[in-house]
Structures are given as C-alpha cells and as structure tokens.
Amino acid sequence: MKDLSEIRVEIDDIDEQIVRLFEQRLELVTQVAEYKMAAGKPVLDRQREIQKLHRLSGLAHENFSERSIRELFEQIMSISRKRQYQLLTKQGHTEETDFEILPELNLEGSRVVYQGVEGAYSQMAMKAFFGDHPDTFHVDTWREAMEAIRQHHADYAVLPIENSSAGIVSENYDLLLEYGHHIVGEQIIPVNHALLALPGSKLSDITCVYSHPQALMQCVDFLDDHRDWERISLKNTALAAQKIREDGLRHQAAIANPLTAELYGLTVLRESINYSCDNSTRFLIVTDRKICKRDAGKISICFELPHESGSLYRMLSHFIYNDLNMSKIESRPIKDKSFEYRFFVDFDGNFQDGAVKNALKGLKEEAGSLWILGNYS
C-alpha cells in the first residue's frame, strides 16, 4: 500500500494538470464568445450542453463516476457561460434596462394611496416615506390600491410585503407582476401591538379580539394565555380598532398600534403584546413609471425557470460569479402550472454597475421569463 504522502503528491500533480487544461479551455471559450458576438448568437445553447453531458458521462466506467462527471461538467459549462457573459459585457453587449434614472424622486404634488383606514400601519409607512402632508386616500384592499395606480387615480401606492416574524404578504408579490408596477422605495416600520378596548373595559370583560391575521399571529403568545377568546381576522389592524369603536361592545378588543387608541377613542388594556420586540414590517412604494434614483442600492427581480434539475442553481450562480449579495429569495406557484414556481429575488446593486449588467444579461438569457421590478433604496 502506498504511503498517504505519496498518494497526495500524485493527486497534486493531477490537480495541476487539470488547472492547466482548464485555463486552456477558458482560452477557447474566449474564442467562442468572439464568434458568437460576431454572429449574434446567444451564449446559452442548452441542446448542445445536454448532448455533451450525455456523451461525457457515458465515458465513465461506473455509476458514481457517471454522476460525478455530469456534475463536474455542468459546473465547467456554467463557468464558461459566465466567462462569455463577462466578455460580452466588456465589448458593450450589456443588458440595459429602460428605467429612467433620476437624481431624486420628485414627490411634490404626488397622490398616494394606501390600504386600510386611518391609523393603519400602511398609513404610518406612507407618512414616514412621503412626509406628513401628502395628498392621500385609502382603499379597502391591496388590489384596489394597485388598480388606483393603473387608473391614474394615484401616483404611488404603499404595500406591505413582509413581516420579520410572520413572513411574506404573498398576495402582494403576485399583484406586482399582475399589474406590472415598479418599486421605487421601501419603508420599514417597527411593529408595536397593543390590546385596545372601549373606555371602562377590563381585561376580564374580553371574549373576542379582532385584528389582521398577521397581527394575531405576531401576538400568539399573549393570545394563548387567553384561549377562551375568539380570534377574528379583519383586513388591517386599524379597521379592527374602528370596529370596536363603532360596535360599542365592552367584550370586544382589537390588536393595533397604541397610537390608534387615541384616534378612535379607545383605551389600552395591555401594551407591547407582540412576542418579538424586534418585530417590523417592510413596505414597498410602487408606481406605474419605470423610474429609479441614481444612487439606488437594492434591486428586485422575478424570474421563471424551466422545470428541470439544476435550473435554480444556474440562475443563482450569476449572483455568485458577479460578487453580488443576494439578500432575499421567495418562491410563488405559477397559476395553471402544477408544481412550477416563480422566484422573487432581492440583491444589492445599481443598474449602472458593470457586475449588475453582466448578471442581468446572464439571467435574461437563461430564465424562462425575467421581470425587473425596480432599483431603489
């Protein structure tokens, strides 16, 4: 039996040969890129890759080697495509967006719509982003807010997209694509839920509590101490407070921001009942215009993938090879396509960055469909 050190020397020698051969291959890839640029051909030729993977894996002498060789060459081909995209970008063959890049967003005189009633967290996010005195109105549903932009009744809408403890607002991801609106900003609002009731009510009087489903979820520890209470979902927290005021029943309570108590003439029975003190909700500011600020630092996209092995990895590798930090990924089922999904991705970057242009070119070529939702801060 060979000594371990001898075996390692042989492995090192083979690895050095692999490095030299791989660099020779990359040089040939450069020539392929030059040909494709001249001929106007796309980088990805999936049929050729499939045929080549089948041929190379067929050269193996055992099952483990066959699978390993296929995986190895899938990676080599993926790296080769990234190299070709880089060369195309250097030659000016970039993925340019048709967003209008502005020094600042002109919010003066804008009309803003939010979902809910006065006192809703959406209204708080709207005020934090637009200031105290924008021209605003509110609607009952998120769809109505998106429709208000489509009908030119509003310039911007404020939509919740995720909560740090309760997760995403999936309907709003779907509405972004359905309406084709674009993200121009985000606003994060700390969540502070309190139990509100009519003046004079006591905790022992309460038999049912109203709030938004996510607020009920965020206060589950407190509510589990009162399992006899009925929990009833409404469209938002402020609407729950409004209902308590209008119904005038001492046994009812609402979970909402304590500021809402003053707005609707209620009393706070218990402060800070959400189980996480770091809880917050992220809101998106959307419009029908394809605009972004020059110094925007976050990009949101959505893409669909062919239903085949490794397709998601191939897409995500474009972020890795371009040193782009991906901060979020969510999946949503595609209507009328069983077990197929769209992926929503947030990553750091600006449309003017070379790495971003390079990544977007690769993503566009290799995705079934690609939507650029916005570049914002």
Side-chain angles (χ1 to χ4, degrees), residues 112-130 132 134 136-142 144-145 158-167 169 171-172 187-283:
V112 187
V113 60
Y114 66 93
Q115 181 269 339
V117 297
E118 286 191 70
Y121 279 100
S122 293
Q123 185 189 37
M124 296 179 190
M126 179 268 297
K127 286 186 174 181
F129 191 87
F130 290 93
D132 288 329
T136 70
F137 66 101
H138 52 86
V139 292
D140 290 337
T141 66
W142 297 315
E144 287 176 290
V158 180
L159 297 177
I161 199 66
E162 65 175 319
N163 177 268
S164 58
S165 60
V169 184
E171 180 184 345
N172 286 341
Q187 188 66 52
I188 297 175
I189 298 295
V191 172
N192 178 20
H193 291 318
L195 188 71
L196 313 182
L198 292 173
S201 294
K202 297 177 293 189
L203 201 62
S204 57
D205 296 328
I206 305 305
T207 60
C208 72
V209 59
Y210 295 85
S211 197
H212 185 273
Q214 284 200 337
L216 294 171
M217 189 187 309
Q218 292 155 12
C219 300
V220 66
D221 290 349
F222 172 79
L223 292 174
D224 281 349
D225 291 334
H226 304 277
R227 292 183 179 275
D228 54 326
W229 291 0
E230 185 180 6
R231 306 174 194 181
I232 302 174
S233 298
L234 293 178
K235 291 177 181 176
N236 63 58
T237 57
L239 190 63
Q242 185 183 66
K243 178 176 175 59
I244 302 307
R245 178 73 270 174
E246 291 176 351
D247 288 357
L249 300 174
R250 295 169 67 91
H251 72 279
Q252 293 181 345
I255 292 175
N257 190 284
L259 296 176
T260 314
E262 184 176 345
L263 185 63
Y264 291 103
L266 302 177
T267 190
V268 177
L269 292 183
R270 187 67 60 86
E271 294 261 14
S272 302
I273 62 173
N274 42 300
Y275 61 78
S276 172
C277 61
D278 296 323
N279 193 8
S280 60
T281 297
R282 177 181 168 226
F283 292 84

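- Thr237 places none of its side-chain heavy atoms less than 4.5 Å from the side chain of Thr260.
- Heavy atoms only, all atoms of each residue included: Thr267 and Leu198 are closest at CG2-O, 3.4 Å.
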Applying side-chain contact (heavy atoms from CB on, under 4.5 Å), run through Ile255 and Leu195 and close with a yes or a no.
CA-CA 5 Å; Ile255 292 175; Leu195 188 71; 4.2 Å; yes

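- Distance check: Asn172 CG to Leu159 CG gives 4.5 Å after rounding to the nearest 0.5 Å.
- Ring planes of Phe222 and His226: tilted class, angle from 30 to 60°.
- Distance check, rounded to the nearest 0.5 Å: CD1 of Ile189 to OG1 of Thr281 gives 8.5 Å.
- Residues Phe129 and Val112 are not in side-chain contact: their nearest non-hydrogen atoms beyond the backbone lie 4.5 Å or more apart.
- Interatomic distance, CG of Asn236 versus CD of Gln214, reported as 12.0 Å (0.5 Å rounding).
- Scanning all heavy atoms of the two residues, the minimum distance from Asp205 to Arg250 falls at CB-O, 3.8 Å.
- Put simply, the side chain of Thr207 does not reach to within 4.5 Å of the side chain of Asp228, judged on heavy atoms.
- To the nearest 0.5 Å, the span separating NZ on Lys235 from CG on Asp140 amounts to 4.5 Å.
- Side-chain contact between Val158 and Val113: absent, with no pair of heavy atoms (C-beta onward) separated by less than 4.5 Å.
- Proximity of Val117 to Tyr264: side-chain heavy atoms (C-beta onward) are separated by under 4.5 Å at one or more points.
- In plain terms, the two heavy atoms of Ile206 and Trp229 that are nearest each other are O-NE1, 2.9 Å.
- Taking the side chain as every heavy atom from C-beta outward, Met126 and Phe283 never approach each other to under 4.5 Å.
- Within the structure, ring-ring contact (aromatic ring centres under 6.0 Å, His included) contacts touching residues 187-218 (residues at least two apart or in different chains) are Tyr121-His193.
- Within 6.0 Å of CD in Glu262 there are 12 or fewer heavy atoms belonging to other residues, nucleotides or ligands.
- Summarising the geometry, atom CG belonging to Asn279 is positioned 4.5 Å from atom CD belonging to Gln218; distances are rounded to the nearest 0.5 Å.
- Panel note: side chain Ser164, backbone Ser280; a donor-acceptor pair is recorded below 3.5 Å.
- Checked by atom type and distance alone, the side chain of Asp247 never pairs as donor or acceptor with a backbone atom of Gln252 at under 3.5 Å.
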side-chain contact (heavy atoms from CB on, under 4.5 Å) between Leu196 and Ile244, worked out
CA-CA 8 Å; Leu196 313 182; Ile244 302 307; over 6 Å; no

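- Within the 4.5 Å cutoff, no side-chain heavy atoms of Gln115 are placed close to those of Glu144.
- You'll find the side chain of Gln123 stays beyond 4.5 Å of the side chain of Thr136, heavy atoms only.
- The two residues Asn192 and Ser272 make their nearest non-hydrogen contact at OD1-OG, 3.3 Å.
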I'd like to know whether Arg231 forms a side-chain contact (heavy atoms from CB on, under 4.5 Å) with Val220, so could you lay out the CA-CA distance, the side-chain angles of the two residues, the decisive distance to 0.1 Å, and finally the verdict.
CA-CA 10 Å; Arg231 306 174 194 181; Val220 66; 4.2 Å; yes

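- Considering all non-hydrogen atoms of both residues, Ser122 and Pro160 come closest at OG-CD, 4.1 Å.
- In terms of heavy-atom proximity, Leu269 sits nearest to Ala197 at CD1-CB, 3.6 Å.
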